[in-house]
There are 2 protein chains.
Amino acid sequence: MKRYERHADTIAQLIHSGALRPGDRVPSVRESSRTRGISPSTVFEAYYLLEAQGLIHARPRSGYYVSARLPAVPGQVPPAEPLPSQPAAGSIGVAISDLVFEVLGSARERGLVPLGSAFPGLELFPLERLARCLSGGMRRLDPWNIVQSLPPGDERLRQQIALHYGLHGTAVDVGELIITNGAMEALNLCLEAVTRPGDIVVVESPTFYAALQALERLNLQAVEVATHPREGIDLAALAEALARHPVKACWLMPSFQNPLGSLMPEEKKRALVALLARHQVPLIEDDVYGELHFAPERPPPAKAFDTEGLVMHCSSFSKCLAPGYRVGWVAAGRFATAVQRLKLMTTLAAAVPSQQALSEYLAQGGYDRHLRQLRRSLARQQERALAVIARHFPAGTRVSRPEGGYFLWVELPPSVNALALHRQALAQGISLAPGQIFSADQRFAHCVRINYGHPAQERFEEALATVGRLAGALAPG
Amino acid sequence: MKRYERHADTIAQLIHSGALRPGDRVPSVRESSRTRGISPSTVFEAYYLLEAQGLIHARPRSGYYVSARLPAVPGQVPPAEPLPSQPAAGSIGVAISDLVFEVLGSARERGLVPLGSAFPGLELFPLERLARCLSGGMRRLDPWNIVQSLPPGDERLRQQIALHYGLHGTAVDVGELIITNGAMEALNLCLEAVTRPGDIVVVESPTFYAALQALERLNLQAVEVATHPREGIDLAALAEALARHPVKACWLMPSFQNPLGSLMPEEKKRALVALLARHQVPLIEDDVYGELHFAPERPPPAKAFDTEGLVMHCSSFSKCLAPGYRVGWVAAGRFATAVQRLKLMTTLAAAVPSQQALSEYLAQGGYDRHLRQLRRSLARQQERALAVIARHFPAGTRVSRPEGGYFLWVELPPSVNALALHRQALAQGISLAPGQIFSADQRFAHCVRINYGHPAQERFEEALATVGRLAGALAPG
C-alpha cells in the first residue's frame, strides 16, 4: 500500500466509523501534511482517491468535506435508485382527498412508530428555548404590535427572515414577505391568488398530497409532469406541458421534493425560472425543506433566479425550528398584494405570540448552529435507514438517496400494494405513507414514503425492518 | 314627595352619578328595608317606579339590576334610533373588497383615534397575565401535544370551551368543536364547506364587510335581508327570501350584530332556527360579540336552539380576552368533519402556544371576572359616546343603542356622504368605518360605524365631537 493510499484509508475509516460525518470538513492539506509528516502532494493524492470513491468532495476555496451520500458498505449491495416517473399525459380532475384523510387519520395514534409522519422528531428542536423566547417576546411587546401584526405581519420578523435569505445569497424584499399560518396557508393562498375554478396547474409526479388536496378544493385540473428522483422535474416534459395546456401555475418543490427528495441542480433551477418566465406562468415554490441540506451550502431556491416577480416562494419554521408555532411566510413577488388581501380575508392575521417568539429567537442568535446539528442528525439517520432497507427489504426494491430532508421514497416490487402494506404495518404499530396518496391517479401503488427523522434509533430500525419483512411477504417468490 | 318616591330618587341619583352602573345589582328589598328603616312594600313601590322609568329591571329569582340603556339626561333630546333597513330585493354579485381594503388600509396609522377600528382598546385585556400563561403553558407542554394540536385542536382547550358554554346554558359537544385561527377562519371555512361558486347566501342588511368579502372570494351571490337595529333580521323578509331563492346558507350575527348592534330576542332566535330547519338551510352564526352583553345574562346563541346540527356557531377569544392570539373556534354540528378537513387542507393547525396560553388561563379561573369588568367598561363608554353624539352631531342624526358590543351605528342626514366624511376625519387624525362597506350595493352611504371601545376618554370624546362637527358641515343648512 502506497503512502497516499494509507492516508486515504485512515480518513475512510474515520468516515465509516462516524468520527467524520456527512458535511464535516476533512482536515486541510496543510494540517494533515504537518500532523502526519507527509508531503502536501501525498495528501492531495489521498484526497483525489477519496473523491473518486465518492467519500469526500471539494468545495471551491474552502477545502474538502465528507459527502452526504456515502457509497455502500462493502459486502452489501445497495438498492438501486427509483427510475424517473412517467405520468399519464393530459390533465386530470383531482379526487384524492378522502383517501389522504383516511390514511393520515389512521396515523395519528400516539403509540405508533411514525414512519408515515410528515414531521421530524420533536426532540430535534429547541422547544425549551423557544418557550423562553415566547414569554420574553410577549412581555417586551408594545401592545400596538398586536395591531401591527396584521398582514403582512410583524415587521421585525419579516426583516429577520429577509436577512437570513440575504446571508445565504438569495435576495428577498421585505416588502414582498407575508407571514402566514405555516407554509400550508402560504401555498394555498398563492394558488388561490393565481387561479380560478377549472384552471390547469402543473405538479410533480409524484407530488406532495397537500398540493393535490389544494387543487381538489379549488376545483383545479392537475397536469402531472415526469420527475427525476435525484434532479427533480423534467424540464423537457414541462416545456411540452406548457406548450400543450393553458397552464395557470406550477406548484413545485425544487429542493428536497416531498416525497422523492430530489434536488434540482442550480443551473436547472435557473432554466426552470427562465422557461416559466417565457410563458409568464407563476411558480409556487414550496421550499420548506430547503434548510435541511446535508451538503455544506444551502441550495439556492428557484426564487434566487427570479427577475420578474413570478416566483411565489413559500416556506416556514415548522420543519426546521419551531413545529407547532405555525409561522410560515411567502415572498410573493408581484402577487404580494393579492396574497396579503386573501390572508386578511380568510384568517385575518398570524398569531402574535408565535411571531414574537420566533423574532426573539432569531435576534438572540444560534439559529445556524441549531440547523447544523439538525442536518447532521438527519444525515446520520438517513445512512442508517438506507442500511436497514438494504438488509431487510425484498429484492427489486429501489430507494432514493436524497441530499437533504427526512424522507426516503421506496419503490417496492410492482406486485406489492402499498395500501395493503400500510394496513398491515398499522396492525404492527407502524405508520407509513403509501404511494397512492402522491398522485391524482394513484399510480404509485407499489411505493411508500418513509420518514427517517425520528431519532429513537433502535425502535425505528426495528420498525423499518418489520416493514421490509411485510413487504417481502407481499412480494411473490 | 312620598316615602317610596324619595327612595326611588336616591337610587336614581346613584345611577346617574355612576355609583351604580349598568349591570350592577341594586340593593335587595330586604337589605334596603333594613338599612333605610322603610317597609319592604315601600322598597317594592320604589323599584316599580324605577323600572317604569327604565332605570332598572327585574331578573327572575335574582333581584333588580341597573339597565344597560339609560334614558336620556334631562334637558337633552336623545337622537332617534335608525329605522329598519330596506335592502333591494333579489340576489347580487359582490365586488366590494377593493373599497374595504382601501378604507381599512388607511385606518392602520398608529397616531389615529381609532373610531373606525374593529377591536376594542388593548388596555381592556389581561395581556400580562396571558403572557405568563404562555410560558407556563409551553413549559409544561408534553411535546406530543404539538402533534395532538392538529385539527380539531387541543383537547383540553376544547373541553374548557364546551364547559364555558354549558355553564351559560348552551350545550356544545366537544366532538363538534374545531379550533381555528380566529373566528374569521371559522366563518370562512363554514361558508366554503356548504357552498359552491354561484350559490346564494343570505346576509343581514347592513352586514359585516368581511362576510361580503368572503362571498366575493368564493364567487357567491348575496341576498341582503332587512334588519331591525334593535331586534335583528326580519324573519318575514327572511322567509320570503328562502321561498324565492335557492339559498345555500345564512351568515348572520344574532347577538350584537356588526355594525348595527342588534340583539335578536330569545324567542326570535328560536323561530329563526326553526325556519331554517324547515328549509334545511345551514346557519353560519357569528357570535364574536356574544360575551359582551350589558344585561346580566349572556344572551343564548342561536346554537342553543339547534336540534338538527344545522347551526355552525363561530366565535373566538379575540374580542373578549386575547386579541392577537388568534384562537377562535366553530361548533360545526353536522358539518364538523367537513370543516375540520378544510382546516387541515388550508392552514393545517392553529398555533400551539396560543392554544396552550388560553387553556392555561381558563384553567386558572378568573375569566368571568375579567368579562364583567370589560362589559362594565364598554357599557360606560357607550353612555358617554351617546351623550357626545346627542350634543355634537347634526339634527336628523339617528343612532343605535346596542345592549352589548362596542359599536354604534350612526345614520347621518341623507346628504352626508360617509366616504367624504371618512376622508375628512382621516385628515384630522380620526378613523371611521363608512357605511358603504357594509352592503354589496353600498347603500348605507350616509351612515358610519363608530367604535367606542377605546377608553382614552378625553381624546375619544373630542374626536367624536369633531366627527359630529364635520358631519354638520357636510349636511346642508
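When reading the values below, keep in mind they use all heavy atoms of this one structure, side chains included, and skip hydrogens, waters and symmetry mates. All of these numbers come straight from a predicted model, not from anything done at the bench. Residue numbers begin at 1 in each chain, while the letters A, B, ... track the order of the sequences.
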Handout entry: Output field: ring centroids Tyr289(A)/Phe407(A) closer than 6.0 Å
Key = yes

Problem - Sub-6.0 Å ring centroid separation between Tyr452(A) and Tyr406(A) - result: no

Exercise for the section: Step by step, work out the salt bridge (Lys or Arg N to Asp or Glu O under 4.0 Å) result for Arg156(B) and Glu360(B). Expected result: CA-CA 9 Å; Arg156(B) 189 170 73 134; Glu360(B) 184 80 15; 3.7 Å; yes

Any idea which of [options] has the most non-hydrogen atom pairs under 4.5 angstrom with chain B?
options: Leu122(A), Leu130(A), Thr347(A), Val327(A); result: Thr347(A)
options: Arg326(A), Gln355(A), Glu185(A), Met184(A); result: Arg326(A)
options: Arg139(A), Glu123(A), Arg217(A), Met345(A); result: Met345(A)
options: Ala349(A), Ser354(A), Ala210(A); result: Ala349(A)
options: Leu187(A), Asn188(A), Val352(A), Asn181(A); result: Asn181(A)

Handout entry: Glu109(B) CD: over 12 foreign heavy atoms closer than 6.0 Å
Key = no

Problem - Heavy-atom side-chain proximity of Arg158(B) to Glu155(B) below 4.5 angstrom - result: yes

Please look at [X] and chain B and tell me whether the side chain, the backbone, both or neither of the residue comes under 4.5 angstrom of a heavy atom of that chain.
X: Phe125(A); result: neither
X: Leu191(A); result: neither
X: Leu348(A); result: both
X: Ala350(A); result: backbone
X: Glu192(A); result: side chain
X: Arg132(A); result: both

Practice task
Count the heavy-atom pairs under 4.5 Å between each of Gln213(B), Arg196(B), Arg341(B), Gln356(B) and chain A, then report the option with the highest count.
Solution key: Arg341(B)

Handout entry: Interatomic spacing from OG1 in Thr195(B) to NZ in Lys248(B) - rounded to 0.5 Å
Key = 9.5 Å

Exercise for the section: Rounded to the nearest 0.5 Å, what's the gap from OG on Ser106(A) to CG on Leu426(A)? Could you check? Expected result: 4.5 Å

Completion exercise
Scanning both residues in full, the closest heavy-atom pair of Val330(A) with Cys314(A) reads CG2-SG, 3.9 Å

Handout entry: Structural part of Leu344(B) lying under 4.5 Å from a heavy atom of chain A
Key = both

Exercise for the section: List the steps, then state whether side-chain contact (heavy atoms from CB on, under 4.5 Å) holds for Tyr325(B) with Leu134(B). Expected result: CA-CA 10 Å; Tyr325(B) 278 64; Leu134(B) 259 177; 3.7 Å; yes

